[in-house]
4 protein chains.
Amino acid sequence: MAADTQATRWRRRKDARTPEIIEAALECFGERGFAACRLDDIARRAGVTKGTIYLYFPNKEELFKAVISRSLVPRIVAGEQVVAASDLPAPVQLERLLLTLAEIIPSSTVGAIPKLIIAEAGNFPEIARFYFDEVISRGRRLITGILRRGIARGEFREIDVDATFFSVVAPLIVALLWKRLFEVHDDAALDTAALCRSHLQLLMHGMAP
Amino acid sequence: MAADTQATRWRRRKDARTPEIIEAALECFGERGFAACRLDDIARRAGVTKGTIYLYFPNKEELFKAVISRSLVPRIVAGEQVVAASDLPAPVQLERLLLTLAEIIPSSTVGAIPKLIIAEAGNFPEIARFYFDEVISRGRRLITGILRRGIARGEFREIDVDATFFSVVAPLIVALLWKRLFEVHDDAALDTAALCRSHLQLLMHGMAP
Amino acid sequence: MAADTQATRWRRRKDARTPEIIEAALECFGERGFAACRLDDIARRAGVTKGTIYLYFPNKEELFKAVISRSLVPRIVAGEQVVAASDLPAPVQLERLLLTLAEIIPSSTVGAIPKLIIAEAGNFPEIARFYFDEVISRGRRLITGILRRGIARGEFREIDVDATFFSVVAPLIVALLWKRLFEVHDDAALDTAALCRSHLQLLMHGMAP
Amino acid sequence: MAADTQATRWRRRKDARTPEIIEAALECFGERGFAACRLDDIARRAGVTKGTIYLYFPNKEELFKAVISRSLVPRIVAGEQVVAASDLPAPVQLERLLLTLAEIIPSSTVGAIPKLIIAEAGNFPEIARFYFDEVISRGRRLITGILRRGIARGEFREIDVDATFFSVVAPLIVALLWKRLFEVHDDAALDTAALCRSHLQLLMHGMAP
DNA sequence: AATGAATGAGGGTTCATTCAT
DNA sequence: TATGAATGAACCCTCATTCAT
């Protein structure tokens, strides 16, 4: 029985290692960037030693790729479901989607990814491509889809949906970066809720027929 | 001809070297990031050897700081002048400012800085602070100033200027990053002009009284 | 056989490395001086690679300090015991102490330290201070103590003990340096034993009441 | 006339360069040792630039040799004259010689050489050999000569002159080093005069028939 | 599966030396 | 003769990666 408990504990431990290391790596990469982040740091945070990381990932670069790819899919899926599951008016859908998106902003883990992508896309074209295909393109399809439906239904005026995509999501992305990079230097904290409200209002007024 | 090249090479005096090295460093940092960019690369681009860099900058970090600080002031000043020099209606001022800002987007040199800042602000708080004070804060003051004047003059409806600041500038910043990071993966090139037009229209409609 | 070598190599654990590296460093520093001695040389002598040294010492300077400090204490203690353990006449004690001291002269390891100290004391005041406090001062206390006792007991005439300290020990120190620096250029090898005998005789005659 | 003055001034300047640089180099080498002393430092002290040094010396090593060799001959000659010029009793000659020697101790320039030799003899065998031949051997010849004459004349007892040579000069050499390396760490300054007096007394008593 | 001692290639930095002016 | 900008080899140090245990 004791042996059985042991075995279970060890198995769970082993299964848990991969996400634990990814989590630790995401934190560390997010704070310092890919190059400046040492595997020793990641290992310490994950509660293992450097050598152990190599049992789960062939090298630092692959670990980085895993960090990026495995941390995002759930979020995208969530977003797609918000839209697909309903047949609400486009403005309502857009609002819900942005509010869902805005929840990521303060998330200490996933929220670090955009900064990472921006910093390292040049050095890791493979990651950039993956991120573009799996996150950005899907996100853009979601949003432009809503915009198109809104136009078709007469809920939005005739707008350039590809361009407006930027107007819609950019403020949230910039807010995400701001929180991590500049809020500490500013007099007041960034009021994410107010920003969302204000931005949504601007969008609704701005796109109204 | 060889003699001529030599002469030219030697004519380049101390005062020419500094901007040459900064220029080369900006390119290199912009492409690969601070840590991944080797001094050898910078030196080669600047047409000198590694040792020469140390005649002009005490170390890599100070070179980085110089790159950031010396590349920005002129742009900010330009922006401030666009506004200060006129007493036009706020919407017109806003339009002119954004169009000026948009010109930076394709600039191969200065346009690389935002990415750099985002990537390295965490590792160089001093630089983050400098950038925040000298670029972001001044830019924000410019824009919120225009917004406030517009509200006061009845040209804009009552809006949250601090939040709207994000809605106004974020699309341009994201477009800047997009150009460098994702355009290559997208089917079509990003039409900056269309984006500006569309975004301005959205803003004008969205903030109209 | 290869397996055996391997095993031996791996059996050497952390605790064995430190003295091995210190020993190698002492040899190397002793031969070439601090600045001229490359870490690669030390590593090769210690049978490790450069990187390994940094697992045991934070940098070259700290390695140097360790070399000095860890190589000396045993010798001093030995000297103090020679004196403390007995209540012999002062001349006898002095003789024993000098003979003990003279044993260091040909020692290839510890014997290199005085040269090192002389060469680097200016660059490493901390080391100079340590050496002065832990070696020189203690040695001086030992010798002046014997001299004072000898005077008090009427075994020596009234002498300036602080000045005589130099007359007592200097010849041994100079002999130590001579062995390493000039013996090779001289016609005959330095006869340390004869030097000791002659010097002790001089001292005994010279300090006799 | 002005031209003439100029010419004279320039010639004098040029003739003065060599000793100026040697002087500056001796100071610098004496303070930091050969390796740790940068040519930039020497140049600055000599009031010239680095390049100028290469007009007078082919490289750093030759400059070092010049420093050693040109700084010593005068002193040796002085010592030899003190002895050769007289037919005084050996004890008196010895006393005069040691007092002459002791004058070097506080000399800030020449006094730095022994430390330099000790530090670098291993790295520059050529210099060690030169110093041994031109300084040490001649000094030893002087002193052992006096000792032999003293024995022959019945002024000294039968002693081992080669060994006693160390007993005679070592205290002065150690005092020289002490002044530069450890006096700053000691409670009291080293009283060179007292040391000479005490040492001479010891010698005279110790070698008396 | 996990460790952690060891490696070694690579980068930042220094500085003796060169050379056009 | 003197300068000082430029060079490049050499060295310290870091850290991703390996591997015996």
Side-chain angles (χ1 to χ4, degrees), chain A residues 10-11 13-15 17 34-43 47-63, chain B residues 3 6-7 9-17 35-43 46-61 63, chain C residues 3 6-7 9-17 35-43 46-61 63, chain D residues 10-11 13-14 17 34-43 47-61 63:
Chain A
W10 277 102
R11 179 131 29 128
R13 193 105 208 97
K14 197 202 153 200
D15 295 349
R17 282 273 185 263
F34 176 78
C37 168
R38 278 160 291 149
L39 282 181
D40 263 326
D41 298 335
I42 297 174
V48 297
T49 58
K50 223 174 3 173
T52 303
I53 294 179
Y54 283 85
L55 296 175
Y56 295 88
F57 303 92
N59 55 42
K60 192 184 181 185
E61 197 166 324
E62 290 301 321
L63 170 59
Chain B
Q6 281 298 82
R9 190 138 132 255
W10 277 100
R11 213 183 331 260
R12 293 198 217 163
R13 291 278 155 183
K14 225 172 172 194
D15 43 351
R17 284 272 184 256
C37 167
R38 277 162 287 143
L39 281 179
D40 262 326
D41 297 336
I42 297 175
V48 296
T49 58
K50 218 167 24 167
T52 302
I53 295 178
Y54 284 85
L55 296 176
Y56 298 89
F57 302 94
N59 55 45
K60 194 183 182 186
E61 195 166 327
L63 170 58
Chain C
Q6 283 297 84
R9 191 138 132 257
W10 278 101
R11 215 187 325 265
R12 295 197 215 164
R13 291 278 158 181
K14 230 179 162 182
D15 44 350
R17 284 273 184 255
C37 167
R38 277 161 288 142
L39 281 180
D40 262 326
D41 297 336
I42 297 175
V48 297
T49 58
K50 218 170 18 171
T52 302
I53 295 178
Y54 285 86
L55 296 176
Y56 298 89
F57 302 94
N59 55 46
K60 192 183 181 185
E61 196 166 325
L63 170 59
Chain D
W10 276 103
R11 178 131 31 129
R13 193 100 210 103
K14 195 200 151 199
R17 281 274 185 263
F34 176 77
C37 169
R38 278 159 293 152
L39 281 181
D40 262 326
D41 296 336
I42 297 174
V48 298
T49 58
K50 224 176 1 174
T52 304
I53 294 178
Y54 283 84
L55 297 174
Y56 295 89
F57 302 93
N59 55 43
K60 193 183 181 185
E61 196 166 326
L63 170 58

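We name chains A, B, ... by the order of the sequence lines, and we start the count at 1 in each one.
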Applying side chain to side chain contact (heavy atoms under 4.5 Å, CB included), run through A/Leu63 and A/Ile42 and close with a yes or a no. CA-CA 11 Å; A/Leu63 170 59; A/Ile42 297 174; 4.1 Å; yes

My understanding is that only residues two or more places apart in sequence, or in another chain, count here; which of them pass side chain to side chain contact (heavy atoms under 4.5 Å, CB included) with B/Ala43? B/Val48, B/Ile53

Rounded to the nearest angstrom, tell me the gap between atom CD1 in B/Ile53 and atom C1' in F/dA6. 12 Å

Which whole-number value in Å describes the distance from A/Glu62 CD to F/dT17 C1'? 15 Å

In this structure, which stretches of DNA chain E are paired as stems of three or more consecutive Watson-Crick or G-U pairs, both distances less than 3.5 Å? E:2-21 with F:2-21

Summary of protein contacts for nucleotides 8-13 of chain E, nucleotide by nucleotide, where a base hit scores B, a sugar-phosphate-only hit scores S (4.0 Å, heavy atoms): B-BSBB

To the nearest 0.5 Å, what is the distance between CZ (C/Phe57) and OG1 (C/Thr52)? 12.0 Å

Can you tell me how far apart NZ (D/Lys50) and CG (D/Leu39) are? Round to the nearest 0.5 Å. 7.5 Å

Roughly, in whole Å, what's the span from CZ in A/Phe57 to P in E/dA1? 14 Å

Write out all pairs satisfying salt bridge (charged side-chain N to carboxylate O under 4.0 Å, His left out) with one or both partners inside residues 52-61 of chain B, taking only residues at least two apart or from two chains. none

Without decimals, in angstroms, what is the distance between B/Arg17 CZ and F/dA5 P? 11 Å

Under the side chain to side chain contact (heavy atoms under 4.5 Å, CB included) rule, collect the residues that match up with C/Ala36, sequence neighbours excluded. C/Arg32, D/Asn123

Just the rounded figure in Å: distance from C1' of E/dT14 to OH of B/Tyr56. 17 Å

